[in-house]
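This report refers to the structure that appears directly beneath it.
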Amino acid sequence: MAFPLRNLHLNLSTVARTTNAKSMPVNGVNEIYERDENGQRTEQLKNLVVDCSGYRGATLSVKFPVEIKDKFDDLKKRLENDVTIEIAFTGLKLTAYSLKANDGSVLSGVSAKADDFDIVSTNAEDFDIDDVTI
């Protein structure tokens, strides 16, 4: 059972690598699909997820609505080229939680949702085909 931790004021500086960060580096992307009554994956897209590098090497998985699929697909394509990309969030909502495991231990973390994102930097422009040695 999950227990949301209320009355905590979380913002990007809570989970980013530095306290003055306005964006986060992207590690990867993923798509989450709906499940049918038997637990089998359907073709209905539920959420889009962007995994970002956070504080002390932690990964923050940020869920986005399917309405931004075109931007998400563009980000996914850019990541195929092994580039470093940083994104800034629109409507970021962070929620702290704790879970009591079967063995009695407590697991805690931060879940994240956002309405949209913008690519704020990339090193793709630094790549020049003339720099490649064959």
Side-chain angles (χ1 to χ4, degrees):
M1 173 182 278
F3 301 100
L5 302 174
R6 304 204 191 290
N7 299 323
L8 289 178
H9 302 285
L10 302 176
N11 56 34
L12 186 61
S13 67
T14 310
V15 293
R17 293 188 297 181
T18 61
T19 57
N20 61 350
K22 303 289 185 231
S23 61
M24 293 181 80
V26 176
N27 295 338
V29 295
N30 196 9
E31 298 171 344
I32 299 174
Y33 290 88
E34 296 282 351
R35 300 262 177 196
D36 64 18
E37 60 277 352
N38 298 323
Q40 298 297 313
R41 185 183 113 164
T42 67
E43 294 301 314
Q44 180 68 32
L45 194 57
K46 182 178 179 181
N47 287 108
L48 305 168
V49 178
V50 176
D51 292 329
C52 297
S53 293
Y55 183 66
R56 292 190 175 179
T59 298
L60 180 69
S61 296
V62 184
K63 289 183 183 177
F64 292 91
V66 297
E67 289 77 23
I68 66 159
K69 179 90 165 95
D70 290 340
K71 281 178 89 170
F72 179 84
D73 289 341
D74 179 54
L75 177 62
K76 186 176 184 179
K77 184 169 178 62
R78 290 175 185 236
L79 288 170
E80 290 174 358
N81 295 317
D82 196 28
V83 296
T84 302
I85 297 175
E86 293 230 359
I87 62 172
F89 305 100
T90 302
L92 181 65
K93 298 166 194 75
L94 300 170
T95 305
Y97 66 87
S98 65
L99 302 167
K100 188 172 182 180
N102 291 339
D103 66 0
S105 63
V106 176
L107 306 172
S108 62
V110 175
S111 66
K113 291 181 182 180
D115 299 325
D116 202 353
F117 68 87
D118 289 307
I119 296 174
V120 295
S121 73
T122 178
N123 69 349
E125 295 84 23
D126 298 338
F127 182 74
D128 186 354
I129 195 66
D130 294 333
D131 293 338
V132 177
T133 305
I134 300 179

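The model shown is predicted, which means the values in this text are computed figures rather than measured ones.
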Would a 4.5 Å heavy-atom cut-off, applied to side chains only, mark [X] and [Y] as touching?
| X | Y | result |
| --- | --- | --- |
| P65 | F72 | no |
| S105 | K100 | no |
| T95 | Y97 | no |
| C52 | N27 | no |
| L94 | V15 | yes |
| L75 | I119 | yes |
| L79 | N81 | no |
| V29 | V49 | no |

Just checking D103: does its CG atom have more than 12 heavy atoms from other residues, nucleotides or ligands closer to it than 6.0 angstrom? yes
Is it the case that atom CG in D36 sees more than 12 heavy atoms from other parts of the structure closer than 6.0 Å? yes
Would you say K93's side chain and G91's backbone share a donor-acceptor pair under 3.5 angstrom? yes
Got a donor-acceptor contact below 3.5 angstrom from the T59 side chain to the S53 backbone? no
Please name the pair of heavy atoms, one in I32 and one in L45, separated by the smallest distance, quoted to 0.1 Å. O-CD1, 3.5 Å
Y55 and A16: which non-hydrogen atoms are nearest, and at how many Å? CB-O, 3.4 Å
Can a cation-pi geometry be assigned to K71 and F117, taking NZ or CZ under 6.0 Å from the six-membered ring centre and within 45° of the ring axis? yes
Under the side chain to side chain donor-acceptor pair (under 3.5 Å) criterion, do T90 and D115 qualify, and how do the steps go? CA-CA 6 Å; T90 302; D115 299 325; over 6 Å; no
State plainly whether the residues E31 and K69 are in salt-bridge range, i.e. N to O under 4.0 Å. yes
Euclidean distance, [Y] [atom2] relative to [X] [atom1], rounded to 0.5 Å:
| X | Y | atom1 | atom2 | answer |
| --- | --- | --- | --- | --- |
| M24 | E86 | CE | CD | 9.0 Å |
| L48 | D73 | CG | CG | 8.0 Å |
| K76 | N30 | NZ | CG | 8.0 Å |
| N38 | R41 | CG | CZ | 16.0 Å |
| L12 | S23 | CG | OG | 7.5 Å |
| T84 | R78 | OG1 | CZ | 13.0 Å |

D118 and I87: side chain to side chain contact (heavy atoms under 4.5 Å, CB included), yes or no, with the steps? CA-CA 5 Å; D118 289 307; I87 62 172; over 6 Å; no
Go through the steps to decide whether K63 and V50 satisfy the test side chain to side chain contact (heavy atoms under 4.5 Å, CB included), and finish with yes or no. CA-CA 7 Å; K63 289 183 183 177; V50 176; over 6 Å; no
With the 4.5 Å side-chain cut-off for hydrophobic clustering, are F64 and V120 part of the same group? no
